[in-house]
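Structure record follows, encoded as structure tokens.
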Amino acid sequence: MSRIGKRPITIPAKVQVTIDGSNVVVKGPKGELSRNLPANVIVSQEGEILQVTRKDESRTSRQMHGLSRTLVANMVEGVSQGFQQRLEIQGVGYRAQVQGRNLVLNMGFSHQVQIVPPEGIQFAVENNTNVIVSGYDKEIVGNTAAKVRAVRPPEPYKGKGIRYAGEVVRRKAGKTGKGGKK
């Protein structure tokens, strides 16, 4: 039995869950999310608890059990509390700012890079070098943070670029002085 799949999901007070066959809709103070789950997974609600079970013991049912439970749990957490991803910018002259809803990055290119957030995503900037991507859908928050990081990923020689908060960049030694062929 899937250890993750058999754990129940508790529904917070302000969250409403609607189950219509394999479609699950979760509404909360932050927003509304819906997801169509695989047919071999069953979601049932008893009071303030959601339980995800599987129809049979086939390989695909076992694979989808834990995944489906995690997806539903992320939906419930997202509409009640939301998610955020922090990014750090390192490098001389590299900085970020928010103009309207858009994120504007100065990353050493000849132009500024402007990132338009998808629906339900907000950008915040602290100290011109810390970017916070927040929203209620964990998948979209992670994808948007990855797009921001892809503008200038951290390079291994000086460590300059955009990195996730707490990400460790393995550094390489640069070229050594004289040597080589004689």
Side-chain angles (χ1 to χ4, degrees), residues 4 9 12 14-15 23-38 63-64 66-182:
I4 293 173
I9 303 165
K14 298 177 183 175
V15 176
N23 192 32
V24 178
V25 179
V26 182
K27 292 180 187 175
K30 299 266 185 186
E32 177 181 340
L33 292 171
S34 67
R35 186 173 289 270
N36 208 348
L37 297 175
Q63 289 172 344
M64 293 296 156
L67 171 70
S68 300
R69 187 256 176 218
T70 302
L71 292 173
V72 173
N74 285 342
M75 289 166 57
V76 170
E77 184 180 344
V79 298
S80 61
Q81 298 158 8
F83 294 101
Q84 64 175 234
Q85 185 79 42
R86 294 179 160 271
L87 299 157
E88 298 170 349
I89 299 174
Q90 292 189 350
V92 177
Y94 292 1
R95 63 184 179 273
Q97 62 191 42
V98 176
Q99 289 181 353
R101 287 191 63 222
N102 300 344
L103 179 69
V104 178
L105 300 169
N106 293 325
M107 299 304 299
F109 300 123
S110 61
H111 59 281
Q112 294 179 335
V113 178
Q114 193 170 54
I115 298 175
V116 180
E119 191 64 37
I121 298 294
Q122 297 87 33
F123 290 122
V125 177
E126 298 173 346
N127 303 332
N128 290 334
T129 58
N130 294 332
V131 178
I132 302 169
V133 181
S134 58
Y136 57 86
D137 190 343
K138 189 173 188 177
E139 185 176 351
I140 297 175
V141 169
N143 286 341
T144 306
K147 286 179 185 171
V148 172
R149 183 182 182 273
V151 169
R152 178 79 84 169
E155 53 96 17
Y157 297 102
K158 292 185 178 178
K160 295 171 25 174
I162 303 174
R163 63 181 73 188
Y164 296 116
E167 178 182 3
V168 177
V169 177
R170 295 197 47 199
R171 302 288 294 273
K172 291 182 179 178
K175 290 183 179 179
T176 57
K178 293 183 179 179
K181 293 185 180 180
K182 289 188 178 184

Using 0.5 Å steps for rounding, measure from the [atom1] atom of [X] to the [atom2] atom of [Y].
X: I89; Y: R95; atom1: CD1; atom2: CZ; result: 10.0 Å
X: E167; Y: E88; atom1: CD; atom2: CD; result: 9.0 Å
X: N106; Y: H111; atom1: CG; atom2: NE2; result: 10.5 Å
X: K138; Y: N143; atom1: NZ; atom2: CG; result: 12.5 Å
X: Q114; Y: L103; atom1: CD; atom2: CG; result: 9.0 Å
X: T70; Y: E77; atom1: OG1; atom2: CD; result: 11.0 Å

Pair I9, R69 - check side-chain contact (heavy atoms from CB on, under 4.5 Å), show working.
CA-CA 8 Å; I9 303 165; R69 187 256 176 218; 3.8 Å; yes
If you take all heavy atoms of [X] and [Y], which pair is closest and at what distance?
X: M107; Y: R152; result: O-NH2, 2.7 Å
X: G78; Y: F83; result: CA-CE1, 3.5 Å
X: K14; Y: P29; result: O-CD, 3.9 Å
X: V169; Y: P156; result: CG1-CA, 4.5 Å
X: T129; Y: Y94; result: CG2-O, 4.2 Å
X: V25; Y: S34; result: CG2-CB, 3.8 Å

Any side-chain heavy-atom pair from [X] and [Y] closer than 4.5 angstrom?
X: L37; Y: V72; result: yes
X: S68; Y: R35; result: no
X: I132; Y: F123; result: no

Can you list the residues that meet the side chain to side chain donor-acceptor pair (under 3.5 Å) rule with E155, with sequence neighbours excluded?
none
R171 side-chain N/O to Y157 backbone N/O, donor-acceptor pair under 3.5 Å
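Checked: pair present.
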Could you go through the side-chain contact (heavy atoms from CB on, under 4.5 Å) check for V131 and I162 one step at a time?
CA-CA 9 Å; V131 178; I162 303 174; over 6 Å; no
Would you sort out whether N74 and L33 count as a side-chain contact (heavy atoms from CB on, under 4.5 Å), showing the intermediate values?
CA-CA 10 Å; N74 285 342; L33 292 171; over 6 Å; no
Please check if the number of heavy atoms outside R101 that lie under 6.0 Å from its CZ is greater than 12.
yes
